[in-house]
K.L.:
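For reference, the structure I am asking about is given below.
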Amino acid sequence: MIYSKNFARYFRINISANATWTQNGVTIAGGHGGGNATNQLSSPEGLFVDDDQTVVIVDNKNHRIMQWKNGNTTNGQVVAGGNGAGNGLHQLNDPTDVLIDKETDSLIICDNKNQRVVRWSRRSGTTQGEILIDNIYCHGVAMDDQRYLYVSDRGRGEVRRYQLGENNGTLVAGGNGRGDGLNQLKFPTYLFVDRQQNVYVSDHENHRVMKWNKGAKEGIVVAGGQGAGNALAQLYFPNGIFVDTLGTLYVADYHNNRVMRWTQGEKKQGTVIVDGYGKGSGATQFNSPFGLSFDRQGNLYVADNNNHRVQRFSIE
């Protein structure tokens, strides 16, 4: 396993190409129905797993970010927002994604309906955030080793890279109108950036995941792209994505209620690694999975949106 403490969005995870996960998920946050109590979530979306297995979760319909400490599956803590939907600096409105910037010990949040990206300090006593980027219909955020920030703009069908402190950014994916061409995106959602600054994008409404090599004018289809469906060659509204050190891609396949894996170079079809048992609320089921991540041991975490919970699947 390789890990850089300054890398903000994801751990560098080395997972065996033959790895398997338990099919019975354990609820580590929420799971008490949709609500705004500290033991509840309401439509969780993006999530981030810290190096101590603390999970930071976008609690979308509660307009807040929750933190759940490892081992405490009873109650979470509000760490941003939680003051109702609004555009005040102490508020969020339908947030969709979050990351931890270890350099500044802060959260960077896609504040979707406020069309802005905001930063909240993780220090105790913080009551409001600051605006980093505005006038952007953001959905996903990621950060590379050099602390460049990447943001998907689902309204413009593009992804831009920003130096912290700038508002315009550099186009790195899409930007040619909404469509299904290789130089286009249609409702891009979640992101992953590798060490070479190649950008992976969940191209949600094109039912595919795209990889844009650094400096490329067109993307490459690395998963799906065969229309909406549940065959192994297809995705149906992909959401959260993750890429390990071997280049294996993991995808939260939202409408198919499953998590899939595509190994590097295999673009024709993937394999189902969790679920495949149909929509439901059982330990082996999802109801609209959104965010997806791994901890340092390779355990899988999934934001199970319509079950209002986060599930952990242990690596075997």
Side-chain angles (χ1 to χ4, degrees), residues 10 13-25 44-47 49 97 139-140 142 152 185-192 194 198-211 219-280 282-295 298-307 310-316:
Y10 295 106
I13 301 294
N14 185 8
I15 299 172
S16 166
N18 299 316
T20 59
W21 287 262
T22 58
Q23 296 300 294
N24 287 313
E45 297 200 1
L47 58 92
V49 184
D97 201 11
H139 194 104
S152 63
L185 299 167
K186 190 175 182 183
F187 209 89
T189 55
Y190 293 98
L191 305 173
F192 187 96
D194 67 17
N198 304 316
V199 181
Y200 294 78
V201 187
S202 266
D203 194 7
H204 189 75
E205 291 190 354
N206 282 324
H207 312 291
R208 65 190 185 184
V209 177
M210 301 291 288
K211 178 184 180 183
I220 303 164
V221 179
V222 291
Q226 305 295 319
N230 63 4
L232 292 179
Q234 293 177 300
L235 296 168
Y236 203 152
F237 296 132
N239 274 325
I241 54 178
F242 187 97
V243 181
D244 67 19
T245 56
L246 298 177
T248 302
L249 169 70
Y250 302 84
V251 186
D253 191 7
Y254 171 82
H255 199 71
N256 285 324
N257 296 293
R258 64 190 184 185
V259 175
M260 297 195 72
R261 171 173 61 192
W262 262 263
T263 57
Q264 189 176 42
E266 179 54 72
K267 301 172 186 175
K268 293 183 178 179
Q269 67 179 39
T271 56
V272 178
I273 63 166
V274 173
D275 203 274
Y277 297 97
K279 181 169 69 175
T284 61
Q285 295 177 303
F286 296 122
N287 188 347
S288 305
F290 256 78
L292 172 154
S293 194
F294 290 85
D295 65 21
N299 302 309
L300 170 66
Y301 296 72
V302 182
D304 191 8
N305 186 267
N306 286 336
N307 283 324
V310 172
Q311 298 288 91
R312 181 176 63 210
F313 298 87
S314 298
I315 191 167
E316 293 181 321

K.L.:
Just wondering, do His207 and Phe237 contact through their side chains at under 4.5 Å, heavy atoms?
P.N.:
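A side-chain contact under 4.5 Å exists here.
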K.L.:
For His204, which residues count as a side chain to side chain donor-acceptor pair (under 3.5 Å) partner, sequence neighbours excluded?
P.N.:
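Testing His204 for side chain to side chain donor-acceptor pair (under 3.5 Å), a comparison that skips the adjacent residues, returns Asn239.
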K.L.:
With the side chain counted from C-beta on, respond yes when His139 and Glu45 share a heavy-atom pair under 4.5 Å apart, and no when they do not.
P.N.:
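His139 vs Glu45: side chains touch.
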K.L.:
Would you name the heavy atoms of Lys186 and Asp203 that are closest together and state the gap between them?
P.N.:
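Distance-wise, the nearest heavy atoms are N-OD1, 2.7 Å.
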K.L.:
Quick one: salt bridge (Lys or Arg N to Asp or Glu O under 4.0 Å) partners of Asp253, sequence neighbours excluded?
P.N.:
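Asp253 satisfies salt bridge (Lys or Arg N to Asp or Glu O under 4.0 Å) with Arg258 only.
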K.L.:
When you measure from the side chain of Gln23 to the backbone of Ile273, do you find a donor-acceptor pair of N or O atoms at a distance under 3.5 Å?
P.N.:
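Here the side-chain-to-backbone pair exists.
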K.L.:
Can any side-chain N or O of Ser152 pair as donor or acceptor with the backbone N or O of Gly140 at less than 3.5 Å?
P.N.:
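Here the side-chain-to-backbone pair exists.
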K.L.:
Does Asp244 have any side chain to side chain donor-acceptor pair (under 3.5 Å) partners at least two apart in sequence or in another chain, and if so, which?
P.N.:
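Once residues adjacent in sequence are excluded, the partners of Asp244 under the side chain to side chain donor-acceptor pair (under 3.5 Å) criterion are Tyr250.
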K.L.:
Take Asp97 and Tyr190, measure what side chain to side chain contact (heavy atoms under 4.5 Å, CB included) needs, and give me the verdict at the end.
P.N.:
CA-CA 8 Å; Asp97 201 11; Tyr190 293 98; 3.6 Å; yes
K.L.:
Is there a donor-acceptor contact under 3.5 Å from the side chain of Asn14 to the main chain of Leu246?
P.N.:
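The answer is no, because no donor-acceptor pair under 3.5 Å joins these two groups.
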K.L.:
Could you tell me if the side chain of Asp275 sits less than 4.5 Å from the side chain of Val259, heavy atoms only?
P.N.:
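Counting from C-beta outward, Val259 and Asp275 never come under 4.5 Å.
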K.L.:
Show, in sequence, the C-alpha distance, side-chain angles and deciding distance for Asp295 and Tyr301, and conclude whether the side-chain hydrogen bond (donor to acceptor under 3.5 Å, both in side chains) test is met.
P.N.:
CA-CA 8 Å; Asp295 65 21; Tyr301 296 72; 2.9 Å; yes
K.L.:
Does the ring center of Phe313 lie less than 6.0 Å from the ring center of Phe286?
P.N.:
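Yes.
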K.L.:
How are the rings of His255 and Tyr236 set to each other: parallel, tilted or perpendicular (split at 30° and 60°)?
P.N.:
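His255 vs Tyr236 ring planes: tilted.
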K.L.:
Just by modelled atom types, is the Arg312 backbone N or O under 3.5 Å from a matching donor or acceptor in the Trp21 side chain?
P.N.:
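A pair under 3.5 Å: no.
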K.L.:
I need the minimum non-hydrogen distance between Gly280 and Asn307, along with the two atoms involved.
P.N.:
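So the minimum-distance heavy-atom pair works out to O-ND2, 2.9 Å.
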K.L.:
Can you see which heavy atom on Gln234 is nearest to which on Gln226, and at what distance?
P.N.:
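So the minimum-distance heavy-atom pair works out to NE2-O, 3.1 Å.
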K.L.:
I need the minimum non-hydrogen distance between Val209 and Ser202, along with the two atoms involved.
P.N.:
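Result for this residue pair: CG2-OG, 4.3 Å.
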K.L.:
Asn256 and Leu235: which non-hydrogen atoms are nearest, and at how many Å?
P.N.:
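Taking every non-hydrogen atom into account, ND2-C, 4.1 Å.
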K.L.:
Within the 4.5 Å heavy-atom criterion, are Val251 and Leu292 side-chain neighbours or not?
P.N.:
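No, their side chains stay 4.5 Å or more apart.
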K.L.:
Check whether any side-chain heavy atom of Tyr254 sits under 4.5 Å from a side-chain heavy atom of Thr189, and report yes or no.
P.N.:
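Side chain of Tyr254 against side chain of Thr189, heavy atoms only: no contact under 4.5 Å found.
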K.L.:
Check each of Asp304, Asn306, Asn305 against Ser288 using the side-chain hydrogen bond (donor to acceptor under 3.5 Å, both in side chains) test, and report the only one that passes.
P.N.:
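The single option meeting the side-chain hydrogen bond (donor to acceptor under 3.5 Å, both in side chains) with Ser288 is Asn306.
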K.L.:
Which heavy atom of Arg208 sits nearest to which heavy atom of Pro238, and what is that distance?
P.N.:
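So the minimum-distance heavy-atom pair works out to O-CG, 3.6 Å.
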K.L.:
For Ile315 and Ile15: C-alpha separation, side-chain torsions, deciding distance, then whether side chain to side chain contact (heavy atoms under 4.5 Å, CB included) applies.
P.N.:
CA-CA 9 Å; Ile315 191 167; Ile15 299 172; 4.2 Å; yes
K.L.:
Is Val243 close to Asp194 at the side-chain level, that is, under 4.5 Å between some pair of heavy atoms?
P.N.:
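Heavy-atom side-chain distance check fails, nothing below 4.5 Å.
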K.L.:
To the nearest 0.5 Å, how far apart are CG in Leu185 and CD in Glu205?
P.N.:
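So the gap between those two atoms works out to 11.5 Å.
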K.L.:
Has the side chain of Gln311 got a donor or acceptor atom that lies under 3.5 Å from a matching backbone atom of Val302?
P.N.:
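No: the side chain of Gln311 does not pair with the backbone of Val302.
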K.L.:
At what distance, to the nearest 0.5 angstrom, does OG1 of Thr248 lie from CZ of Arg261?
P.N.:
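Going from the OG1 atom of Thr248 to the CZ atom of Arg261 covers 7.0 Å.
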